[in-house]
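In what follows, a single structure is set out as structure tokens and then discussed.
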Amino acid sequence: MSIAKTYNPKEAEDKWYSYWMENGFFRSTPDEREPYTIVMPPPNVTGVLHMGHMLNNTIQDVLIRRARMQGKNACWVPGTDHASIATEAKVVNMLKEQGIDKKSLTREDFLKYAWEWKEKYGGIILKQLEKLGASCDWERTKFTMDPDLSEAVIDTFIRFYKEGYIYRGVRMVNWDPLGKTALSDEEVIRKEVNQKLYYIRYKIKDSDEYIIIATTRPETIMADAAVCINPNDERFTHLKGKTVIVPLVNREIPIIQDEYVDMEFGTGCLKVTPAHDLNDYELGQKHNLEIIDLLNDDGTLNENAQILVGEDRFIARKKIAKLLEEVDQIEKIEDYKSQVGFSERTDAAIEPKLSMQWWCKMEELSKPALQYVEDGTIKLIPEKFFASYKHWMENVKDWCISRQLWWGQRIPAWYNEKNEWVVAKTEEDARKEFEALGKTVSTIRQEDDVLDTWFSSGLWPMSVFDGVRNPENEDFKYYYPTNDLVTAPEILFFWIARMIIMGHDYTQLPPFKNVYLTGIVRDKLGRKMSKSLGNSPDPIELMEQYGTDGVRVGMLLSSPAGNDLMFDVSYCEQGRNFANKIWNAFRLVKGWETTDAPATEAQKTAAVWFENRFNQAVAEIDEHFANYRLSDALMATYKLIWDDFCAWYLELIKPAYQMPIEAEALETVKALFQKVLALAHPFMPFLTEELYHDEIFGERTAKDCIIVTEYPKVIPFDEQITKEFATVQQIISEVRNVRNSKGMSPKTALPLAINASDIDFKKHQESIIKLANISELTFVQEKVTGALSFLAGKSECYVQLAAENIDVEAEKERITKEIEYLKGFLISVDKKLSNERFVQNAKPEIIDNERNKKADAETKITILQESLSNLGL
RNA sequence: GGAGAAUUAGCUCAGCUGGUUCAGAGCAUCUGCCUUACAAGCAGAGGGUCACUGGUUCGAAUCCAGUAUUCUCCACCA
């Protein structure tokens, strides 16, 4: 036999992936079948895929493959996301490394580089997904900046604008001085940072007195508009109505009063800098203060600062502190920890900044989106995420949707020479708009504003089917709403909430029914896998090493929904071993010669049992899938194959060495083998397809592939068969144990007697028991003396050994121990039963159960005690 | 500061509405085996006061309260 001893994944993977593609098995077009749709969360084109993507897409592939096999019209739409700021930051960096400054480029030139980047990395990503075995409909591959998707984005902007959800206004925004763009609240990551708290003396005008103010940001003092105290603060009553002098620039500012100020914190005095702090801004509005913006877009000081103009804000901070020290206006400096916002993408410290931006009103829009999840129209899996979803939805603020970038969909606003503006899809429309408003326009222009990436990905489930531009098209009507969305909990607000909001606004429907939230892939130490830590294995390398199927199994084995996954390569090893196990089971069957004979009694019994066990497992697996417990579904499959199929069924029907197998038994095992493979296919697509096509299973037509073969259906099974067989398994196990404990070789045949007075297994199972290398099997009506005994169910079994092999003392001890345990057990049962309150309160079936336990234990004790006394003979 | 979750074997996790699936699984460990599909394997074995303290109950890993530890999300205190 020339078949390899271990499974070699490489060959099978390349072969079958292209075969599936060539035969269009991933393709989906609307037909009369029930659709099953998943849209892939589009990975960013910022780089290559990491383990989190791999897990995510493996889950999606398992779901889609299973649905496909179940006869549904399975459609998995792949794609990538342009990831506006993230990609632009990467491209800018890449250019910088080549010595090119973004500023030196025109918009068009820059976009050319960006598109090149997208082609390169988008391509790598799609290749990685192929390697993973992802069975998506590649002909539907979309990119969030494809012309049709971009048009959908622009249409939506205009729609929302007309509906009154989008407006333009000057607000405090999160400004990223590195990306030089505004950010939404969600794109700001707060981190605790060690800072200094500077206590600065402000001189009170016409007085020798100073007032001391604590701040972490001395570089902003030149923009101070007031000093604020709490009106209830008695320490400062005498200062009411006075003014103070801002140090260094000697500007006079008022002392105002507001209860906002916390008397306990710092010195109880607050400097108010409306241009550079959200709270100060609000205070400034309230008290009508001057707004002095002293920062440029890139975080350097502008001429409003008067001093240190052009200096970076962090350098300026130190220098200001020094200057203040020189004029003796620093009281003290303390170490201080506080939360500072950082840009999610560029990691620059965020600057609160007043800026004209586009905003999306969220309050109205978010209501139906909350409703869907609240009433179960959309199910979050696991449910625990509902609480934070609800909280976010109920407290959502307006969404800043404009970004000062080039890479993205341009905001369709047009400006005339007077800076008046209209919203319109094209320049032509814009001119008409202006005309209609009676405004002159000679030159018309757009600004460098693009839309937040999440504005476009929010449309994803609709736009991939062209449902925004053309809601009546066949694809959209057929595939939408989609079924399952598989993604990370981190983007619950970024993405999921916005898809629901936008989907509802367009269609009055939820965009999907179930949201499966996967965990974060962490390393063994519990750290999130990241490039910077270098603790993330390269997924491609892993697949090379363990096989794609092995890696898929490895990832799924340890990832219950919503829980983080402590990833370790040992899981992949387990996956590889499992693939190998199936491979070798196949080798065994393939190696059998046949003889034209009917199956033996034992083979028939084993087959009946396994088929029943199989059906039982299918039901369990189905249940697990219904609850999105994929790791449990996989484990059930794993155990069915490894324990039941290989360790029991195949061992039981196996002919003696180099003997042929009965043809009938072989046919049965082949049929069952194929069913088992079908069950495993969603998890291990390549191995199962490879084996499915082996000649031992007969000729296959070109389209007869496991990927589209029928997935095992849930059919009734007989629990009694499983139970009876369990007794047989126990007997075989015990006999092995006897050999093991006596140091005998498995080849030693032993005689076995079973006390059939209380037989709870069928006689036809005799044939199975004999397979445990039993020299003589007898059924007796009474005790057998001078033998090792054990209980299987309620039947006592005896293995007759030569006297020297029986250690009477050890046997006595063993049996005594068992009796003691049973007696203790009996006492606890008796205690319950003699407790009046128990008998009164417990449900009747519970009481019955206790009575049965009691009877059982008593019987066993009797049997064991007899054995004990027999030992003495 | 607020909210949520978790804590069960060495590791990763199951244990639904309290009572034989109640103390489980996989991996790892240990002991035998290179037995003729597979040492990436086979046959066995050991291993847990169910974080802690109370409460409810005839009965608690399971329900309640508190404590401790850990994690996640949200939040503008200078």
Side-chain angles (χ1 to χ4, degrees), chain A residues 1 3 5-7 172 185 190 197-198 213-217 228 260-262 264-273 277-282 336 338-339 341 352 382 384-392 395 489-490 492-493 520 524 526 546 550 557-560 562-568 570-571 573-592 627 629 631-632 635-636 638-639 642 646-647 650-651 654 656-659 733 736-737 739-741 743 745-747 831-832 835-843 845-847 849-850 852-853 856:
Chain A
M1 191 168 57
I3 179 166
K5 210 170 167 181
T6 53
Y7 167 55
M172 201 51 111
D185 294 343
R190 306 222 161 243
L197 190 57
Y198 300 86
I213 286 157
T215 179
T216 53
R217 305 201 54 191
C228 190
Y260 165 77
V261 177
D262 181 352
E264 308 295 312
F265 189 87
T267 60
C269 290
L270 174 70
K271 78 185 195 70
V272 186
T273 320
D277 184 279
L278 180 59
N279 297 302
D280 290 11
Y281 175 70
E282 278 160 12
Y336 183 68
S338 75
Q339 299 281 324
K384 67 176 177 189
F385 290 105
F386 175 65
S388 53
Y389 179 81
K390 186 178 157 95
H391 183 260
W392 189 81
N395 295 285
E490 306 158 293
L492 190 57
F493 313 129
I520 297 166
K524 266 239 135 168
Y546 296 101
L557 271 178
S558 56
S559 65
N563 280 3
D564 289 357
L565 171 141
M566 302 294 171
F567 185 80
D568 188 86
S570 68
Y571 288 116
E573 209 173 308
Q574 194 182 349
R576 178 201 61 182
N577 293 355
F578 183 41
N580 199 48
K581 184 71 188 176
I582 299 175
W583 176 260
N584 275 293
F586 171 79
R587 273 180 77 210
L588 173 68
V589 173
K590 188 175 166 70
W592 283 333
N627 294 317
R629 301 182 64 141
S631 57
D632 289 340
M635 187 43 76
Y638 180 94
K639 285 198 261 193
W642 201 305
C646 294
L650 290 184
E651 288 296 335
K654 190 172 168 177
Y657 178 47
Q658 289 191 337
M659 293 295 282
S733 222
R736 282 176 186 158
N737 240 337
R739 283 201 195 90
N740 218 2
S741 62
S745 150
K747 288 175 191 167
K831 219 167 157 185
K832 266 191 201 175
N835 182 334
E836 260 177 60
R837 291 209 273 181
F838 170 73
V839 181
Q840 274 168 16
N841 295 325
K843 281 180 268 179
E845 59 265 33
I846 302 285
I847 299 173
N849 216 335
E850 293 300 314
N852 286 338
K853 276 155 76 174
D856 257 27

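Just so we're on the same page: letters track the sequence lines, and every chain starts at 1.
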Looking for any heavy atom pair under 4.0 Å, which part of the strands does [X] touch: base, sugar-phosphate only, or nothing?
X	value
A/Lys654	base
A/Thr267	nothing
A/Leu278	nothing
A/Gln574	sugar-phosphate
A/Lys747	base
A/Trp592	nothing
A/Cys646	base
A/Glu264	nothing
A/Tyr546	nothing
A/Asp262	base
A/Gln339	base
A/Tyr7	nothing
A/Thr215	sugar-phosphate
A/Thr273	nothing

Write down the distance between [atom1] ([X]) and [atom2] ([N]), rounded to a whole number of angstrom.
X	N	atom1	atom2	value
A/Lys390	B/A3	NZ	P	15 Å
A/Ile582	B/A40	CD1	C1'	13 Å
A/Asn849	B/C22	CG	P	9 Å
A/Gln840	B/C58	CD	P	10 Å
A/Asn740	B/C30	CG	P	17 Å
A/Phe567	B/U12	CZ	C1'	13 Å
A/Asn580	B/C38	CG	C1'	6 Å
A/Phe838	B/G19	CZ	C1'	7 Å

Nearest-neighbour nucleotide for the [X] side chain, [options] considered:
X	options	value
A/Ile846	B/C74, B/G19, B/A78	B/G19
A/Asn737	B/C38, B/G44, B/C58	B/G44
A/Tyr571	B/A37, B/C76, B/U12	B/U12
A/Met566	B/A37, B/C13, B/G41	B/C13
A/Phe493	B/C74, B/C38, B/G19	B/C74
A/Tyr638	B/C27, B/C58, B/G41	B/C27
A/Lys384	B/A5, B/C58, B/A37	B/A5

Can you check whether any acceptor in the base of B/C58 is under 3.5 Å from a donor in the side chain of A/Asn835, or vice versa?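 Result: no qualifying N/O pair found.
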Anything under 30° is parallel, anything over 60° is perpendicular, the rest tilted; go ahead and classify A/Tyr638 against A/Phe578.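 Plane angle between 30° and 60°, so tilted.
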Toward the 5' end of RNA chain B, by each residue's nearest nucleotide, A/Arg576 or A/Asn841: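 Looking at the nearest nucleotide for each, A/Arg576 comes out on the 5' side.
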More than 12 heavy atoms of other groups within 6.0 Å of A/Glu836 CD: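 Count not over threshold, so no.
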Is any side-chain N or O of [X] closer than 4.0 Å to OP1 or OP2 of [N]?
X	N	answer
A/Ser631	B/A14	no
A/Arg190	B/U72	no
A/Lys581	B/C42	yes
A/Asn577	B/G41	yes
A/Tyr260	B/C76	no
A/Tyr389	B/C74	no
A/Trp392	B/G4	no

Base-pairing assignment for [N] (Watson-Crick or G-U wobble, both under 3.5 Å):
N	answer
B/C11	B/G26
B/G66	B/C52
B/G1	B/C74
B/G41	B/C33

Roughly how far apart are A/Trp583 CH2 and A/Phe586 CZ, rounded to 0.5 Å?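 CZ of A/Phe586 is found 6.5 Å from CH2 of A/Trp583.
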As an exercise, state the distance from NZ of A/Lys639 to SG of A/Cys646, rounded to the nearest 0.5 Å.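 One finds 15.0 Å between NZ of A/Lys639 and SG of A/Cys646.
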Donor-acceptor contact present, side-chain A/Asp277 to main-chain A/Asp280, <3.5 Å: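 Judged by distance alone, yes, a pair lies under 3.5 Å.
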A/Asn580 side-chain N/O to A/Arg576 backbone N/O, donor-acceptor pair under 3.5 Å: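 No.
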Between A/Thr273 and A/Lys271, is any side-chain donor less than 3.5 angstrom from a side-chain acceptor?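 Indeed, the side chains of A/Thr273 and A/Lys271 share at least one donor-acceptor pair under 3.5 Å.
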